[in-house]
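Down below is the structure, laid out as structure tokens.
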Amino acid sequence: MNSKSILAFLRYFLPLTGVILLISYFYADSHRDAERRHREASEVLNVGLGAGMLDRRLLIVGRDLRLVAASGALKRYVESGENRELSRITEDFLGFAEARAAYDQIRLLDPAGQEIVRIDHDGKQGRVIAPAQLQNKADRYYFRDSIGLPAGSIYVSPLDLNVENGQIETPHRPTLRLAMPLADSQGRTRALLVLNYRAGEMLGYVADVTAQAADHLMVVNPEGYFLLAPRHEDEWGFMFGKPELSLAQRHPPSWARIRDMETGQFTDSAGLWTVATAHVARSLQEKPAPLAPDLANGPSWKVVARLPASALPGLFDDWQADSFALAALLLALAAAASAALARGKQQRESTEMRFRAY
């Protein structure tokens, strides 16, 4: 091919190449942006579903506590202190436990922390604890933190693993304790109602509604410890004195932002983070029972999803490799077409020159 042919080829090929590369670039760029927006929206949806499930389960638990507190026998006992009401209270508690198997224990304590009535439920049936087996719980944190609150307030404990006789139960039993001080018409606190909620149920529901993000979604407590994590061995680190099993230690800069974030999304060196918050106080806010004053700025759990940078749309994703392959094919076709046009042009010019020679 002589220089004239090459120039003719380039005259056709270069403009076509410019158009193909420009279109390919904008297509790939818009596709990458669209894919990233889709990923981001999917992450927002997942953490929102998780936080919404926590809110709904807490609302149900709060309603259950109020329902038990509304027992006529319980109200009469609080007002009169007559022990004859205890058998009726026991029947009411047992009936509720059988109807709502999500509670390990339903208890009534006196102002000194002594259990008066206790129902245990093993997930299959309820069992009335005999008076000789009732315990004093005055030294437990949930009693100390709740007995002095205004009557009708709802106290919610941290979410942790159940402890019996000073030992963490195995298999692990995530437990949330709700307590309500009960007072007579003179305003004197006469008893404390306590429900032990089997919180594994709640975390299980969260796992179900966020199943498509199970490999990178977690629920963390206010200190950044995992309550639900892709790897179960990472959970409940605070119960075993393992601070390394926390978001706070694994990703300190990211946790500093997540801790103060209500909802949102951001990208840093660790990847794409998406956050939603479930507030215990807000979830329990329902008349007629007011919240404990210390819940106003109190417990909250973060539902957090983290997509590492490697999982985000990038320059060499499979779909972009396909785009480049298509662009290469179009360039090959453009080259073939340019070569044909250049040959045709050269042949026309040769024919014209022969006619002129005659």
Side-chain angles (χ1 to χ4, degrees), residues 53-54 56-71 73-74 77 85-110 113-143 146 154-180 182 191-208 219 221 227-229 232-233 235-236 238-240 280 284 301:
M53 180 56 70
L54 291 173
R56 284 191 290 277
R57 301 315 299 177
L58 286 168
L59 178 61
I60 291 170
V61 171
R63 287 175 175 172
D64 284 347
L65 180 66
R66 296 183 184 97
L67 177 63
V68 176
S71 159
L74 182 55
Y77 172 79
E85 299 291 349
L86 293 180
S87 61
R88 298 187 182 94
I89 292 173
T90 300
E91 291 176 5
D92 289 347
F93 283 9
L94 183 60
F96 175 81
E98 296 288 358
R100 285 284 288 125
Y103 298 94
D104 289 329
Q105 296 176 350
I106 305 172
R107 290 173 290 168
L108 188 67
L109 281 64
D110 70 17
Q114 177 63 39
E115 292 177 338
I116 307 170
V117 175
R118 173 173 166 174
I119 305 295
D120 284 1
H121 200 287
D122 61 7
K124 297 180 180 179
Q125 63 181 7
R127 179 169 64 94
V128 178
I129 302 303
Q133 295 177 296
L134 296 176
Q135 304 172 32
N136 189 287
K137 299 294 183 178
D139 61 339
R140 296 306 304 273
Y141 70 88
Y142 58 85
F143 176 80
S146 59
I154 297 177
Y155 165 82
V156 183
S157 75
L159 177 51
D160 57 20
L161 299 178
N162 196 51
V163 175
E164 285 294 337
N165 300 315
Q167 299 292 322
I168 297 172
E169 276 192 313
T170 53
H172 296 158
R173 195 193 310 178
T175 302
L176 191 69
R177 299 165 190 82
L178 283 81
M180 178 184 288
L182 305 174
L192 184 72
L193 175 63
V194 181
L195 269 61
N196 281 20
Y197 173 56
R198 195 177 283 114
E201 175 196 61
M202 176 174 66
L203 295 173
Y205 282 127
V206 173
D208 288 344
V219 177
N221 71 6
L227 307 177
L228 179 70
H232 292 310
E233 55 265 35
E235 298 168 355
W236 312 106
F238 64 96
M239 296 294 298
F240 303 98
V280 173
L284 291 172
W301 303 313

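By convention here, the first residue in the shown sequence is residue 1. Heavy-atom basis, side chains included; hydrogens, waters and symmetry copies ignored.
For the pair Tyr155 and Leu178, the minimum side-chain heavy-atom distance is 4.5 Å or more.
Residues passing the salt bridge (charged side-chain N to carboxylate O under 4.0 Å, His left out) test with Glu169, sequence neighbours excluded: Arg173. For Glu235, the salt bridge (charged side-chain N to carboxylate O under 4.0 Å, His left out) test picks out no residue, with sequence neighbours left out. Ala199 pairs by the side-chain contact (heavy atoms from CB on, under 4.5 Å) definition with Leu159, Pro174, Leu176, Tyr197, Met202, not counting sequence neighbours. Arg198 pairs by the salt bridge (charged side-chain N to carboxylate O under 4.0 Å, His left out) definition with Asp104, not counting sequence neighbours. Not counting sequence neighbours, the partners of Arg57 by the salt bridge (charged side-chain N to carboxylate O under 4.0 Å, His left out) test are Glu201. Applying the side-chain contact (heavy atoms from CB on, under 4.5 Å) criterion to Leu94, with sequence neighbours excluded, gives Glu98, Ile119, Val128.
Between Phe240 and His172, the distance separating the two ring centers is shorter than 6.0 angstrom.
A donor and an acceptor atom, one from each side chain of Ser71 and Asp92, are located under 3.5 Å apart.
Side-chain atoms of Glu115 come within 3.5 Å of backbone atoms of Gln135 as a donor-acceptor pair (strictly under, hydrogens ignored).
The CG atom of Leu74 lies 5.0 Å from the CZ atom of Phe93; values are rounded to the nearest 0.5 Å.
Ion pairing of Glu85 with Arg88 is present here, as a side-chain N (NZ or NE/NH1/NH2) and a carboxylate O approach within less than 4.0 Å.
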